[in-house]
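For reference, the structure discussed in these notes is given below.
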Amino acid sequence: VQLRAYGGGLVQAGGSLRLSCVASGFTYGETLDLFAIGWFRQAPGKERVGVSSVTSAGDTYYADSVKGRFTISRDVAKNTVYLQMNSLKPEDTAVYYCAARRGSLSPSIIFTSISYYDWGQGTLVTVSS
């Protein structure tokens with residue numbers, strides 16, 4: 001599938017943003033809920049890390065650094081996964097990517113980049129102090 005992430009921007013600390021990841025290019029009969037969708041981020045000079053994921057079954061996972069502040073959701077009819085980010089901090093500044101993997105995904109590898117096969121282009125989030 002092809003993924004397009006958007007919704008990034010510049011926001012002050014304490015503010016909110018909602019990122020969207022739109023999926024397209026499904027094979028006939030496929031739907032978004034056949035895929036695990038993950039959000040990752042990469043800050044300047046740092047490795048890409050997992051932020052949040054929703055499995056094909058609808059289970060959600062969050063990195064400790066964003067628990068209680070970020071919420072992942074999906075709209076299967078719109079082929080879109082959202083990442084609502086509240087109480088943003090300067091350390092949330094990064095390029096955010098969404099990624100997809102068809103089928104089930106073990107929680108033990110849900111934040112591992114190589115677990116995902118398709119990636120979007122990234123959207124920049126900048127949080128000013």
Side-chain angles (χ1 to χ4, degrees):
V1 294
Q2 289 81 52
L3 303 173
R4 182 172 68 90
Y6 66 94
L10 174 63
V11 63
Q12 289 187 331
S16 298
L17 282 174
R18 187 177 78 161
L19 305 184
S20 299
C21 176
V22 182
S24 62
F26 293 111
T27 300
Y28 181 78
E30 284 185 335
T31 54
L32 184 66
D33 54 356
L34 292 178
F35 294 81
I37 303 293
W39 283 99
F40 291 75
R41 67 186 182 188
Q42 187 166 19
K46 296 188 177 181
E47 293 185 352
R48 187 175 301 185
V49 295
V51 174
S52 182
S53 293
V54 55
T55 68
S56 56
D59 298 321
T60 58
Y61 296 86
Y62 299 93
D64 288 343
S65 59
V66 306
K67 279 181 182 176
R69 300 188 298 122
F70 290 13
T71 303
I72 191 170
S73 62
R74 68 183 180 188
D75 186 330
V76 176
K78 294 183 178 180
N79 294 328
T80 302
V81 173
Y82 303 99
L83 185 67
Q84 178 66 43
M85 306 186 296
N86 298 329
S87 303
L88 283 162
K89 305 175 181 179
E91 51 264 44
D92 294 318
T93 295
V95 177
Y96 284 71
Y97 300 88
C98 58
R101 173 194 170 114
R102 194 183 194 284
S104 61
L105 190 59
S106 169
S108 64
I109 57 172
I110 204 160
F111 287 149
T112 303
S113 297
I114 60 172
S115 298
Y116 296 82
Y117 303 143
D118 301 302
W119 289 80
Q121 83 290 0
T123 183
L124 176 62
V125 173
T126 304
V127 184
S128 63
S129 57

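Predicted, not measured: the structure shown is a model, and the values here were computed from it.
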Checklist line | Minimum side-chain heavy-atom gap Gln12-Val127 below 4.5 Å | finding: no
Notebook entry, point to check: OG of Ser129 to NZ of Lys89: how many Å apart, nearest 0.5 Å?
Noted result: 14.0 Å
Margin query: Please tell me whether Val11 and Val51 are part of a single hydrophobic cluster in this structure, the criterion being side-chain heavy atoms less than 4.5 Å apart.
Written below: yes
Next item on the list: Identify the two heavy atoms, one from Tyr116 and one from Ser53, that lie closest to each other, and give their separation to 0.1 Å.
Entry: OH-OG, 3.0 Å
Check: Does the distance from a Lys or Arg side-chain N to an Asp or Glu carboxylate O, for Arg69 and Asp92, drop under 4.0 Å?
Finding: yes
Check: Is Val81 close to Ile72 at the side-chain level, that is, under 4.5 Å between some pair of heavy atoms?
Finding: yes
Next item on the list: Check for a donor-acceptor pair, side chain of Arg101 on one end and backbone N or O of Ala36 on the other, with a separation under 3.5 Å.
Entry: no
Note to self: Under a 3.5 Å cutoff, is there a donor and acceptor pairing between the side chains of Ser113 and Tyr97?
What the structure shows: no
Notebook entry, point to check: Taking atom OG1 of Thr93 and atom CZ of Arg41, what is their separation to the nearest 0.5 Å?
Noted result: 9.0 Å
Check: Roughly how far, to the nearest 0.5 Å, is CG of Leu105 from OG1 of Thr112?
Finding: 8.0 Å
Notebook entry, point to check: Hey, what do you get for CD1 (Ile110) to OH (Tyr61), rounding to the nearest 0.5 Å?
Noted result: 5.5 Å
Next item on the list: Answer with yes or no whether the side chains of Asp75 and Thr80 bring together a donor and an acceptor at under 3.5 Å.
Entry: no
Item checked: Validation row: Trp39, Tyr62 side chains within 4.5 angstrom (heavy atoms) -> no
Next item on the list: Decide yes or no for Met85 and Val125: does some side-chain heavy atom of the first lie under 4.5 Å from some side-chain heavy atom of the second?
Entry: yes
Note to self: Would Phe26 and Asn79 count as a side-chain contact (heavy atoms from CB on, under 4.5 Å) here? Give the steps.
What the structure shows: CA-CA 10 Å; Phe26 293 111; Asn79 294 328; 3.5 Å; yes
Item checked: Heavy-atom closest pair, residues Glu30 and Leu34 -> CA-CD1, 3.7 Å
Notebook entry, point to check: Given Ser73 and Gln84, is the side-chain contact (heavy atoms from CB on, under 4.5 Å) satisfied, shown in steps?
Noted result: CA-CA 8 Å; Ser73 62; Gln84 178 66 43; over 6 Å; no
Notebook entry, point to check: Does the Gln42 side chain pair with the main chain of Lys46, one donor and one acceptor, at a distance under 3.5 Å?
Noted result: yes
Margin query: Keeping Thr126 on the side-chain end and Leu10 on the backbone end, is there a donor-acceptor pair under 3.5 Å?
Written below: no
Notebook entry, point to check: Side chains of Phe70 and Leu88: closer than 4.5 Å at any heavy-atom pair?
Noted result: yes
Checklist line | For Ala100 against Ile37, the heavy-atom pair lying closest together | finding: CB-CD1, 3.5 Å
Checklist line | Flag, side chain of Arg74 to backbone of Ser56, donor-acceptor distance under 3.5 Å | finding: yes
Check: So how far is it from Leu32 CG to Ser24 OG, rounded to the nearest 0.5 Å?
Finding: 11.0 Å
Check: Rounded to the nearest 0.5 Å, how far does CG of Leu83 lie from CG of Leu17?
Finding: 10.0 Å
Item checked: Main-chain N/O of Gly14 paired to Ser87 side chain as donor or acceptor, under 3.5 Å -> no
Margin query: To check you understand the geometry: which heavy-atom pair defines the closest contact between Ala5 and Cys98, and what is its length?
Written below: CB-SG, 3.9 Å
Next item on the list: Walk me through it: do Tyr82 and Thr71 pass the test side-chain contact (heavy atoms from CB on, under 4.5 Å)?
Entry: CA-CA 8 Å; Tyr82 303 99; Thr71 303; over 6 Å; no
Next item on the list: Give the C-alpha distance, both sets of side-chain angles, the deciding distance and a yes or no for side-chain contact (heavy atoms from CB on, under 4.5 Å) between Thr60 and Thr55.
Entry: CA-CA 7 Å; Thr60 58; Thr55 68; over 6 Å; no
Next item on the list: Would you please classify the geometry between the Phe40 ring and the Trp119 ring as parallel, tilted or perpendicular, with 30° and 60° separating the classes?
Entry: tilted
